[in-house]
Amino acid sequence: MTVRTRFAPSPTGYLHIGGVRTALFNWLYARQQGGQFILRIDDTDGARNLDEALEPILSGLKWLGIDWDEGPGIGGPHAPYFQSQRAAGHRAAVERLLETGHAYRDFATPAELDEERKQAQAAGLPFLYSRKFAAFTAAEAAPFAAEGRQSVVRLKMPREGSLVIEDSVRGRVECAWEREQDHVIQRADGSCLYHLASVVDDHDLEITHVIRAEEHLSNTPRQAFIAMSLGYALPVYAHLPLVAEPGSRTKLSKRKLAQYLKNPDFKQISEHGTKIAQRIGLAPEADTFNPVIVDFYREVGYLPWAIDNYLALLGWSYDDKTEFFSREELIRCFSLERINSSPASFDPKKLWAVQDHFMHALPIEEKLALMLPMLARAGLVDDPPTAAAVNTVRQVIEASGDRLKVAGDILAYADFFLLDPPPMDEAAVKQRLAKPGARALLQQFAEAIGALPAFEPTALEEALKRVVEQAGVKTGDLVHAVRVAVTGKTVGPGLYDCLQILGRERVLARIDRALPLCG
RNA sequence: GGCCCCGUCGUCUAGGGGUUAGGACACGGGCCUUUCAAGCCUGCAACACGGGUUCGAAUCCCGUCGGGGUCACCA
């Protein structure tokens, strides 16, 4: 039997990091087993702007490399892949459930239900619906319908015994049937509810493994009951541990952003990204642009595989030391058996470290390909960029080394090479230039390098050391002054690399321009 | 509150009867150093608690406590 897994998001307009983890595990398992990964859109409540709400989810998954074998955009033998378009099948299933006595039409009004609930509460008993309409024949029910009462269809759940499922993650889980309510599966208007639809669709799409978050564990009995009543074989269930908030065990939610921002790590990642977003002309709204949502990482220039690799480690491990995997390795190493059962909290710093690792390993030309568009969006290079600009940026990337953690970091490291004159940071000027002696030192340095036969790092360093020695000052005094005079900032690639990339002419011009700022 | 799930360093985790309880991130210190990174060395830090079982329990059993999820005519 071929393994078939699915990810079934509802079109909400954004891809949540927890959802990605679920999608990833489904995808990994299908790939590893040589099976299929299906994407289905659970849009039962007719979303009005479906396309708009769907786009971020589809593009997010694609960006992450989580490709689907059947689903939106590509179709497949089990089309349609939108739950709303499968309503006929859902209704047919309800009819069968009615015929076989696994479900019944319920004419009770909400008030009547409330009344029963109150009585149970008053008696200190758990609520167990009388389901007084369950035994009604069509003839007996007719008066109620004539009276204008609406009816829903409810599951006639077992009230004895229990369901035992062998969860791939949790092992044996037992649930007493008497704890289950007679859940509604179809509304008065004929539309069906999620649990019914989901079970029917999973069966029709021949899903063999239902891998989903733990929050669905308690929904499993009713779903299993529907499946069994319909004569379906139960899928293998695997309930993943929740992705929790940073430093907590509570489910990660996009609604609690303000609270997460109090976490220093989360805040740092968030602010770093926001700064980049602003420079490339995005007007990020905290609601849709934040580290809980995948778009954040894409816009800022994280590597998709870094996100995947990090997320794979959230609730799963291969052994006691392996942390980094290539796509092929992860697919080969993944297994349901090694998924953990306790919640794993989302750690932005660890994600950062994983990102750092993959960015470090990325070949220069690939970095260039990622960073050039960033610079174009920020207006720092033309689109397409000139050959000269590409060359400069390549040199900047080379010189910047591991300082560039995400593609968007190039903005802060390349701007002073591409802008002439560069913006001068006031605090930097105050700290490094507006000091006694700075002017004379800079002038001497300018003279020294003006005559240099070769304008390259080693010669520049020697020249600087000579000036320092003659003036009897510390190396740092001159180095810092030159850096600020020439780049406008206190941080950047190695100074001599910066000077070489800028070239003699611009370096001298910038020093000249900085002299009036000196003390 | 009922039901269900979970409990190893701050975080992600390895280990599932005998280990100096291992790794990674973060954090501290040091080296390197022109800034910021990186790199190297090094340090800090955990089996929730209480009872069993056993020669021996982080590991098996029971209980307690703690945390979480879920209890819709949402998905």
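Sequence lines set the chain letters: A, B, ... in the order given, protein chains first and strands last, and positions in each chain run from 1.
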Which whole-number value in Å describes the distance from Asn309(A) CG to rC12(B) P?
17 Å

Please list each protein N or O that sits under 3.5 Å from an N or O in nucleotides 37-39 of chain B, with the distance.
from	atom 1	to	atom 2	distance (Å)
rA37(B)	O2'	Asp402(A)	O	3.2
rA37(B)	O2'	Lys405(A)	NZ	3.0
rA38(B)	O2'	Asp402(A)	OD2	2.8

When you match Ala188(A) and Glu215(A) each to their closest nucleotide on RNA chain B, which lands nearer the 5' end?
Glu215(A)

Does the structure place the NZ or CZ of Arg149(A) under 6.0 Å from the centre of the six-membered ring of Phe133(A), at an angle of no more than 45° from the ring's axis?
no

Tell me, for nucleotides 3-11 of chain B in 5' to 3' order, what letter each nucleotide earns: B for a base near a protein heavy atom under 4.0 Å, S for only sugar-phosphate near one, - for neither?
SSSSSS--S

Check for me whether Arg21(A) meets the cation-pi criterion with Phe25(A), that is, NZ or CZ under 6.0 Å from the six-membered ring centre and within 45 degrees of the ring axis.
yes

Mind checking if Leu495(A) touches a base, just sugar-phosphate, or nothing, with heavy atoms under 4.0 Å?
base

Pairing nucleotide - rC71(B), Watson-Crick or G-U, each distance under 3.5 Å
rG1(B)

For rG7(B), the nucleotide meeting Watson-Crick or G-U wobble distances (both under 3.5 Å) is rC65(B)

Could you report the tightest heavy-atom contact between Ala8(A) and Asp42(A), atom names first, then the distance?
CB-OD2, 3.4 Å

Distance alone, cut at 3.5 Å: any donor-acceptor contact between the side chains of Ser198(A) and Gln223(A)?
no

Would you mind telling me which of rA14(B), rC73(B), rG23(B) lies closest to the side-chain atoms of Glu323(A)?
rG23(B)

Rounded off to whole Å, could you give me the CZ-to-C1' distance for the Phe416(A) and rU35(B) pair?
11 Å

Looking across every strand, which nucleic acid part, if any, lies under 4.0 Å from His195(A) by heavy atom: base, sugar-phosphate, or nothing?
base

With no hydrogens and no angle check, do the side chains of Asn219(A) and Tyr194(A) hold a donor and an acceptor under 3.5 Å apart?
no

Could you state the atom-to-atom distance from NZ of Lys474(A) to P of rU33(B) in whole Å?
16 Å

Provide the full list of salt bridge (Lys or Arg N to Asp or Glu O under 4.0 Å) pairs with a residue in residues 482-495 of chain A, sequence neighbours left out, each pair given once.
Asp415(A)-Lys489(A)

Measure the distance from CD on Glu178(A) to C1' on rG2(B) and round it to the nearest whole Å.
11 Å

Are a donor atom and an acceptor atom from the side chains of Arg212(A) and His239(A) found within less than 3.5 Å of each other?
yes

Using ring pair (Phe, Tyr, Trp, His ring centres under 6.0 Å) as the criterion, point out the one residue from Phe324(A), Trp352(A), Trp305(A) that pairs with His357(A).
Phe324(A)

Write down the partner of rU19(B) under the Watson-Crick or G-U wobble criteria, each distance required to be under 3.5 Å.
none

Expressed as a whole number of angstroms, how long is the span from Phe82(A):CZ to rA75(B):P?
17 Å

